[in-house]
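Structure record follows, encoded as structure tokens.
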Amino acid sequence: MSKEMVEALDALESEKGIKKEYVIESLEAALVAAYKRNYNQAQNVDVEFDAKKGNIHVYAVKEVVDEVVDDRLEVSLEDAQQKSKGYEVGDHIKDEVTPKDFGRIAAQTAKQVIMQRVREAERDIIYNEYSQYEHEIIQGTVERSDNRYVYITFGKIETVMPKSDQMPGETYNSRDRIRVYVTKVENATKGPQVFVSRTDPGLVKRLFEQEVPEIYDGTVEIVSIAREAGDRTKIAVKSDNPDVDPVGTCVGPKGARVQAVVDELHGENIDVVPYVDDPVDFIANALNPAEVIAVQFDERDKKQCIVIVPDYHLSLAIGKKGQNARLAAKLTGYKIDIKPESQVEFVDDNDQDVDIDDIESGKIDIDKTRENAANADDAKNPAADDSTDDTDTDSDDSTDSTDTEN
């Protein structure tokens with residue numbers, strides 16, 4: 001078996017990229033276990049494999065001690081020095097105990113170890129190869145689908161796309177070529193597993209990087225993305241170069257760049273808005289195309305604000321089923337409460353009318369004026385219901401029941 005074993009190890013290293021030393025180390029450990037199991041030996045043993053000739057030797061290892069307690073594990077100093085005067089207490093002596101028929105057991109064990117290491121090595125190679133595609137776009141072929149997944153082949157591996165990552169309205173037929181975003185690569189027990197998505201916001205980001213060179217080279221930066229896959233996406237962009245218009249750059253000549261992304265997403269609407277450091281202006285941009293009169297932040301929660309819009313832009317600001325306001329909240333990270341201008345008819349502590357410009361400039365505490373207005377209404381009409389149907393929007397909740405879009 002010796003020659004064949006060496007040739008097999010050399011072939012593994014050249015064809016599979018599996019290091020010979022790695023297999024030999026595993027083989028020696030497996031042969032130790034096989035010897036103890038087949039020969040009912042519990043003592044310390046060591047197996048050495050000659051990588052040049054392929055010979056296998058089994059050694060019983062004993063420690064040199066002054067007084068022997070277990071002769072299977074220990075040898076006296078006197079007996080050890082009969083073999084060599086150089087032995088001292090604490091040294092280890094190896095005596096070869098290779099059984100005559102150990103070659104058959106060694107061959108079986110070697111076959112099992114090599115097959116196991118080949119499988120493990122192939123998994124590692126595939127994982128290392130495909131882990132570099134995590135958070136990138138890949139193109140694969142639809143193999144099949146069931147109630148839970150769409151299975152897509154990509155090179156040597158089969159990726160899976162869960163139901164939650166499939167675009168509403170899209171159908172995936174066998175042999176369709178499809179571009180997907182790799183969300184996660186796992187080195188599982190059964191082998192590497194790659195999870196992909198068509199709904200992840202990262203897909204939109206990578207598509208823009210492919211279509212807009214200025215994003216790829218860093219001239220234009222994508223700050224945040226809010227997406228409701230299959231329907232609408234808002235993307236906030238900025239540029240540190242004053243000569244570069246980030247929105248115009250992303251839209252492209254006659255809208256060609258953004259249209260290429262829209263086509264890949266099968267008609268999903270995309271709003272590109274400019275990012276600014278001033279949260280008031282950023283929130284106003286995010287609610288585009290609605291006009292914003294004022295933005296007032298809650299003193300108790302700086303991540304919550306009231307946005308005042310003209311009455312005729314209320315439904316536009318909210319969007320169909322609250323989508324525009326909901327996406328704006330996700331894009332900016334603020335909880336947004338949208339109010340029509342007609343509901344901001346407040347009085348201050350001196351019963352003076354409040355100018356909307358004062359609200360916009362921040363001179364007037366809008367929470368306090370609202371409270372004053374409510375108290376005034378209660379005094380005039382105690383039986384009246386002073387509740388107001390607010391439009392309260394954040395990244396998780398729906399907005400006002402108004403669902404018409406201008």
Practice task
Could you walk me through whether Tyr181 and Leu207 pass the side chain to side chain contact (heavy atoms under 4.5 Å, CB included) test, one step at a time?
Solution key: CA-CA 10 Å; Tyr181 178 76; Leu207 289 173; over 6 Å; no
Practice task
Could you walk me through whether Val292 and Ile283 pass side chain to side chain contact (heavy atoms under 4.5 Å, CB included), step by step?
Solution key: CA-CA 9 Å; Val292 173; Ile283 291 170; over 6 Å; no
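Defined by atom type and a distance below 3.5 Å, a donor-acceptor pair is missing between the side-chain atoms of Thr183 and Asp200. At a cut-off of 3.5 Å, with distance as the only test, no side-chain donor of Ser239 or Asn241 sits close to an acceptor on the other residue. Using a 3.5 Å distance cut-off with no hydrogens or angles, the side chains of Lys234 and Asn324 do pair a donor with an acceptor.
Looking at heavy atoms from C-beta onward, Phe208 lies in side-chain contact with Ile235 at the 4.5 angstrom threshold. No side-chain heavy atom of Leu327 sits less than 4.5 Å from a side-chain heavy atom of Asp271. Under the 4.5 Å side-chain criterion, counting only non-hydrogen atoms from C-beta, Leu203 is in contact with Ile137.
Around CG of Asp217, the count of heavy atoms belonging to other residues, nucleotides or ligands within 6.0 Å exceeds 12. More than 12 heavy atoms of other shown residues, nucleotides or ligands fall within 6.0 angstrom of atom CD in Gln132. Annotation for Arg175: atom CZ does not count as buried by contact number, only 12 or fewer foreign heavy atoms lying within 6.0 Å.
Looking at every heavy atom in both residues, Thr249 comes nearest to Val212 through CG2-CG1, 3.7 Å. Closest heavy-atom contact between Val220 and Cys250: CG1-SG, 4.2 Å. Lys330 and Ala226 make their closest contact through CB-CB, 3.6 Å (heavy atoms, listed as atom of the first residue, atom of the second, distance). The shortest heavy-atom contact between Lys303 and Thr332 is NZ-O, 4.4 Å. Smallest separation of non-hydrogen atoms from Gln166 and Val150: NE2-CG2, 3.5 Å. Contact detail for Val247 and Val237: the closest heavy-atom pair is N-CG2, 4.1 Å.
Classification of the Tyr275-Phe282 ring pair by plane angle, with boundaries at 30° and 60°, yields perpendicular.
With hydrogens and angles ignored, the 3.5 Å screen pairs a side-chain donor or acceptor of Glu134 with a backbone N or O of Val185.
At a threshold of 4.0 Å, the pair Arg144-Glu158 counts as salt-bridged, since one of the basic side-chain nitrogens sits closer than that to a carboxylate oxygen. By the 4.0 Å N-to-carboxylate-O rule, Glu214 lies close enough to Arg257 to be salt-bridged with it.
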